[in-house]
Asks: 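Can you keep this structure in mind? I'll have questions shortly.
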Amino acid sequence: MAIPARTRIILIPDDDRSTREYAITRAMIVTLVTLLVMLLLLMALLMVSFAVRTSERAHIIDLEKRLAESEYRAARVEELSGELKQELVIMQSMQARLLFMLGVEESTPAAADSLLAWLEKKPDSAAEAIRRAASISLSPAPGRWPAAGMVTREFTRGNVTNGKRPHEGIDIAAAEDDPVLAAGAGIVVRTGQAEFLGNFVEIQHGLGYLTVYGHCSRVAVSQGDKVDEGQVIAYVGQTGEASAPHLHFEIRQQGEAVDPREFLTGNPPTR
């Protein structure tokens with residue numbers, strides 16, 4: 001139906017007031033309709049744009065979480081690769097020592113502070129060889145608190161997806177230069193400095209256990225040293241990423257961090 005050239009709107013009041021008359025032209029009606037259609041289209045475009053941006057934002061957040069998880073896994077793979085290489089070296093060394101003890105093949109002379117020097121000589125009998133091998137491979141798991149003080153942070157596995165970083169050990173607050181003790185008998189496999197741990201010591205025990213002692217002010221042992229449970233191996237410090245003097249202590253089983261409280265009784269002794 002065609003729009004008339006002019007439309008009159010007459011308002012008739014229900015009292016004695018006079019009527020009012022308004023005129024609307026065809027151009028005005030077309031303009032109003034056009035503006036209304038444009039407004040509806042603009043609202044539709046804004047709603048579509050908002051929905052697209054919301055979807056993109058959710059996708060970006062999901063990608064960021066996946067990226068963080070991938071970076072963490074890559075770091076763990078690199079770390080585990082290094083640990084596996086270290087374990088391989090230890091196993092090769094242990095194999096050579098066991099062969100030496102069993103008298104199966106000759107071995108090169110040992111340094112004064114090495115395990116072979118500790119064994120002193122080849123066994124006189126098979127029974128003696130088995131006894132010595134058992135004393136190394138079946139040494140107990142670490143079970144002694146490595147420092148006196150107070151636990152300020154517990155072991156947590158964390159959740160990378162939720163942005164919660166793991167804490168793979170226990171923090172023990174202590175005074176600067178308090179002694180750090182070996183949690184069990186074993187062999188010092190590594191000492192050095194790291195960005196997070198600062199000055200650290202790693203001790204290999206029997207049955208695949210490894211203990212880590214971090215943030216030390218200084219280290220009192222060297223790689224290859226045989227240590228007894230309770231022996232002083234370092235001193236409490238504030239090196240690496242530490243805001244106060246304390247010991248970061250880890251226990252790893254077959255390369256995986258485990259809660260030290262599964263092996264330690266009670267709480268650390270007080271100073």
Asks: Measuring from Met38:CE to Leu42:CG, what's the distance to the nearest 0.5 Å?
Replies: 8.5 Å
Asks: Measuring only between side-chain heavy atoms, which start at C-beta, is Ser217 closer than 4.5 Å to Asn199?
Replies: no
Asks: Show your working on side-chain contact (heavy atoms from CB on, under 4.5 Å) between Val151 and Asp171 and close with a plain yes or no.
Replies: CA-CA 6 Å; Val151 173; Asp171 289 349; over 6 Å; no
Asks: Consider only side-chain heavy atoms of I, L, V, M, F, W and Y, link residues closer than 4.5 Å, and tell whether Ile251 and Leu181 are in one cluster.
Replies: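 Unlinked, Ile251 and Leu181 end up in two clusters.
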Asks: Within a strict 4.5 Å, meaning less than it, do heavy atoms of the Glu154 and His167 side chains meet?
Replies: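 Side chain of Glu154 against side chain of His167, heavy atoms only: no contact under 4.5 Å found.
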Asks: So which heavy atom on Pro146 is nearest to which on Leu247, and how close?
Replies: CG-CD2, 3.6 Å
Asks: Could you walk me through whether Ile170 and Arg261 pass side-chain contact (heavy atoms from CB on, under 4.5 Å), step by step?
Replies: CA-CA 9 Å; Ile170 282 180; Arg261 284 197 180 273; 3.6 Å; yes
Asks: For Val219 and Ile233, run side-chain contact (heavy atoms from CB on, under 4.5 Å): C-alpha distance rounded to whole Å, both residues' side-chain angles, the deciding distance at 0.1 Å, then the answer.
Replies: CA-CA 6 Å; Val219 174; Ile233 58 172; over 6 Å; no
Asks: Between CD of Gln231 and CD1 of Ile203, what distance do you get to the nearest 0.5 Å?
Replies: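 Spacing of CD (Gln231) from CD1 (Ile203) equals 8.0 Å.
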Asks: Could you tell me whether the side chain of Gln223 and the main chain of Val189 form a donor-acceptor pair under 3.5 Å?
Replies: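 Judged by distance alone, yes, a pair lies under 3.5 Å.
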Asks: Taking Val30's backbone N and O only, do any of them form a donor-acceptor pair with Thr34's side chain (distance below 3.5 Å, no angle check)?
Replies: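 Yes, Thr34 side chain to Val30 backbone: donor-acceptor pair under 3.5 Å.
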Asks: What are the two closest heavy atoms between Phe155 and Ala257, and how far apart are they?
Replies: CZ-O, 3.9 Å
Asks: Which pair of non-hydrogen atoms, one from Ala175 and one from Pro245, has the smallest distance, and what is that distance?
Replies: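 Ala175 and Pro245 have their closest heavy atoms at C-CB, 4.5 Å.
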Asks: Are Glu64 and Leu67 side-chain neighbours, meaning at least one heavy-atom pair lies under 4.5 Å?
Replies: no
Asks: Report yes or no: does Thr239 contribute a side-chain atom to a donor-acceptor pair with the main-chain N or O of Cys216 at less than 3.5 Å?
Replies: yes
Asks: For residues Pro269 and Trp145, determine if any side-chain heavy atom of one lies less than 4.5 Å from a side-chain heavy atom of the other.
Replies: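 Sidechains of Trp145 and Pro269: in contact.
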Asks: Decide yes or no for Val227 and Val188: does some side-chain heavy atom of the first lie under 4.5 Å from some side-chain heavy atom of the second?
Replies: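 Yes. Closest side-chain heavy atoms under 4.5 Å.
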Asks: To check you understand the geometry: which heavy-atom pair defines the closest contact between Ala182 and Asp228, and what is its length?
Replies: CB-O, 3.5 Å
Asks: Would you call the rings of Phe249 and Tyr213 parallel, tilted or perpendicular if under 30° counts as parallel and over 60° as perpendicular?
Replies: tilted
Asks: Would you compute the distance between atom CD of Glu56 and atom OG1 of Thr54 and round it to the nearest 0.5 angstrom?
Replies: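 Between Glu56 CD and Thr54 OG1, I get 9.5 Å after rounding to 0.5 Å.
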Asks: Output the distance between atom NE2 (His205) and atom CD (Gln253), rounded to the nearest 0.5 Å.
Replies: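 Interatomic distance, His205 NE2 to Gln253 CD, rounded to 0.5 Å: 12.0 Å.
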Asks: Looking only at atom types and distance, does a side-chain atom of His215 sit under 3.5 Å from a main-chain N or O of Gly198, one as donor and one as acceptor?
Replies: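 Checked: no pair found.
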Asks: Quick one about His246 and Thr152 (side-chain donor to acceptor, distance below 3.5 Å, no hydrogens or angles considered), yes or no?
Replies: no
Asks: Indicate yes or no: at least one non-hydrogen side-chain atom of Val258 is less than 4.5 angstrom from one of Phe263.
Replies: yes
Asks: Is there a side-chain contact between Glu176 and Val236 (heavy atoms, below 4.5 Å)?
Replies: no
Asks: Regarding Glu168 and Arg157, does a basic nitrogen lie under 4.0 Å from an acidic carboxylate oxygen?
Replies: no
Asks: Would you please indicate if the ring centroids of Phe200 and His248 are separated by under 6.0 Å?
Replies: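 When the ring centroids of Phe200 and His248 are compared, they turn out to be at least 6.0 Å apart.
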Asks: Are any side-chain N or O atoms of Ser70 and backbone N or O atoms of Arg66, one a donor and one an acceptor, separated by less than 3.5 Å?
Replies: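 The answer is yes, because a donor-acceptor pair under 3.5 Å joins these two groups.
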Asks: Would you call Glu262 and Leu264 a side-chain contact if the rule is heavy atoms closer than 4.5 Å?
Replies: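 In short, these two side chains do not touch, never coming nearer than 4.5 Å.
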Asks: Nearest 0.5 angstrom please: Leu46 CG to Leu41 CG, how far?
Replies: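 Going from CG on Leu46 over to CG on Leu41, the span is 11.0 Å.
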Asks: Run the side-chain contact (heavy atoms from CB on, under 4.5 Å) test on Leu197 and Val212 for me, step by step, so that the C-alpha distance in whole Å, both residues' side-chain angles and the decisive distance to 0.1 Å come before the verdict.
Replies: CA-CA 9 Å; Leu197 289 175; Val212 182; 3.8 Å; yes
Asks: Determine, for Glu256 against Arg252, whether the closest basic-nitrogen to carboxylate-oxygen distance falls under 4.0 angstrom.
Replies: no
Asks: What are the two closest heavy atoms between Ala147 and Pro268, and how far apart are they?
Replies: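 Scanning both residues, the minimum pair turns out to be O-CB, 3.5 Å.
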